[in-house]
Amino acid sequence: MKIIYKFLNSSDILYNKQDLVEMVIKTLKENITQNFPETIAQEYVEKMPGYIEDGSAIIVGAFHKEQLIGFLWGYEVDIFGEKRIHTTEIHVKEEYRRYGIAKKMLGWLEIEAIRRNIYILEAMCTVSNQDAYRYHINNGYEIERIKFKKSLNKNDIKEAF
């Protein structure tokens, strides 16, 4: 199977808008525990061209027979003076998974990061997304922080003092 990879430009985003919206919805469902309006995916995709043009977004696309089958969206962040690339979205259509497509897109991101003199990549995923968790661990990422959540119930009010 021949896969073509490229950095997406504004025209690519507009041409592949529906595929991108569908993939963003699926990625959000895999990584967000809260309910969210699916219109948010459309809003994200509509903002992509502006982010590409101002240089803040790095978006890699994977194509098979001219059909977008995966994408990666990263952007620069500064954590107390340390520049990083944060991967906010990465998605490969289910029928194309396990062919190394995500790894190849991350390779493109790594090259772009080094070109920008950035030497740290970061990503987040939910605990329930074990595929993403294992993927990152198996590809050289290490756990840096853990985010905790505690749900409260108004009937569980205890004396605070």
Side-chain angles (χ1 to χ4, degrees), residues 1-77 83-144 147:
M1 171 174 20
K2 183 171 174 140
I3 307 296
I4 304 296
Y5 300 89
K6 66 182 258 184
F7 290 109
L8 301 184
N9 60 36
S10 299
S11 298
D12 296 322
I13 301 299
L14 295 174
Y15 185 79
N16 295 284
K17 184 176 181 179
Q18 191 54 44
D19 283 334
L20 284 163
V21 168
E22 290 170 13
M23 285 189 257
V24 169
I25 289 169
K26 288 181 180 178
T27 301
L28 290 172
K29 285 181 179 178
E30 291 171 351
N31 289 291
I32 303 293
T33 57
Q34 298 86 354
N35 291 325
F36 60 89
E38 290 189 1
T39 55
I40 199 156
Q42 176 119 3
E43 293 170 20
Y44 286 171
V45 173
E46 287 174 357
K47 291 178 181 178
M48 284 179 175
Y51 295 145
I52 290 169
E53 289 178 19
D54 73 14
S56 62
I58 304 162
I59 304 177
V60 180
F63 295 83
H64 180 245
K65 298 182 180 176
E66 299 184 21
Q67 174 72 36
L68 183 69
I69 59 165
F71 82 102
L72 176 149
W73 178 3
Y75 59 89
E76 287 187 35
V77 294
K83 288 196 175 264
R84 298 175 172 206
I85 300 286
H86 178 83
T87 303
T88 188
E89 303 270 342
I90 186 167
H91 186 82
V92 176
K93 290 184 177 182
E94 286 186 42
E95 61 270 27
Y96 292 95
R97 292 182 181 176
R98 312 260 186 264
Y99 291 102
I101 295 167
K103 187 172 187 167
K104 185 80 166 187
M105 290 190 298
L106 278 166
W108 278 58
L109 184 66
E110 289 174 8
I111 290 167
E112 180 61 17
I114 291 168
R115 190 188 70 72
R116 294 178 182 212
N117 292 315
I118 298 173
Y119 299 96
I120 298 174
L121 300 181
E122 66 174 29
M124 289 184 5
C125 69
T126 57
V127 173
S128 62
N129 190 345
Q130 286 296 299
D131 286 342
Y133 174 85
R134 279 190 301 276
Y135 177 83
H136 285 91
I137 293 296
N138 291 336
N139 284 282
Y141 287 74
E142 57 190 56
I143 297 170
E144 181 179 56
K147 181 179 176 181

**Request:** Kindly give the heavy-atom pair with the smallest separation between V60 and L8, and that separation in Å.
**Result:** C-CG, 4.2 Å
**Prompt:** Under the side-chain hydrogen bond (donor to acceptor under 3.5 Å, both in side chains) test, which residues partner N16, sequence neighbours left out?
**Reply:** none
**Asked** Quick check: are there more than 12 heavy atoms from other residues, nucleotides or ligands sitting under 6.0 Å from CD of E66?
**Response** no
**Item:** Residue pair F7 / I58, side-chain heavy-atom distance below 4.5 Å
**Value:** yes
**Item:** Nearest atoms (heavy-atom pairs only) where I52 meets A57
**Value:** N-CB, 4.0 Å
**Message:** Tell me whether the count of non-hydrogen atoms from other residues, nucleotides or ligands lying under 6.0 Å of OH in Y15 goes above 12.
**Reply:** no
**Prompt:** Excluding sequence neighbours, so at least two apart, what forms salt bridge (Lys or Arg N to Asp or Glu O under 4.0 Å) with K93?
**Reply:** D19
**Asked** Does E76 have any side chain to side chain contact (heavy atoms under 4.5 Å, CB included) partners at least two apart in sequence or in another chain, and if so, which?
**Response** K83, I85, R116, I118
**Prompt:** Does the side chain of L106 reach to within under 4.5 Å of the side chain of L109, using non-hydrogen atoms?
**Reply:** yes
**Prompt:** If you take all heavy atoms of V77 and Y75, which pair is closest and at what distance?
**Reply:** CG1-CE1, 3.2 Å
**Request:** Using the test side-chain hydrogen bond (donor to acceptor under 3.5 Å, both in side chains), find all partners of S128 that sit at least two apart in sequence or belong to another chain.
**Result:** T126
**Residues which pass side-chain hydrogen bond (donor to acceptor under 3.5 Å, both in side chains) with R98, listed by chain and number, not counting sequence neighbours** = none
**Asked** Do you know the tightest heavy-atom contact between V24 and A41?
**Response** CG1-CB, 3.6 Å
**Heavy-atom side-chain proximity of K26 to M23 below 4.5 angstrom** = no
**Request:** Show the numbers, then the answer: is there a side chain to side chain contact (heavy atoms under 4.5 Å, CB included) between K17 and E46?
**Result:** CA-CA 8 Å; K17 184 176 181 179; E46 287 174 357; 3.1 Å; yes
**Asked** Y141 and E122: side chain to side chain contact (heavy atoms under 4.5 Å, CB included), yes or no, with the steps?
**Response** CA-CA 8 Å; Y141 287 74; E122 66 174 29; 5.8 Å; no
**Minimum heavy-atom distance F63-K6, with the two atoms named** = CE1-CG, 3.8 Å
**Complete:** Taking every heavy atom of H64 against every heavy atom of K2, the minimum-distance pair comes out as CD2-O, 3.3 Å
**Asked** How about K104 and I3: do any of their side-chain heavy atoms sit closer than 4.5 Å?
**Response** no
**Geometric class of the Y44/W73 ring pair [parallel <30°, tilted 30-60°, perpendicular >60°]** = perpendicular
**Message:** Between Y135 (side chain only) and K103 (backbone N and O only), is there a donor and an acceptor less than 3.5 Å apart?
**Reply:** yes
**Asked** Hey, does Y119 have a side-chain heavy atom less than 4.5 Å from the side chain of L121?
**Response** no
**Prompt:** Side-chain contact, heavy-atom cut-off 4.5 Å: H86 with M124?
**Reply:** yes
**4.5 Å side-chain heavy-atom contact, I143 and H136** = no
**Prompt:** Of all residues at least two apart in sequence or in a different chain, which pass the side chain to side chain contact (heavy atoms under 4.5 Å, CB included) check with E94?
**Reply:** R97
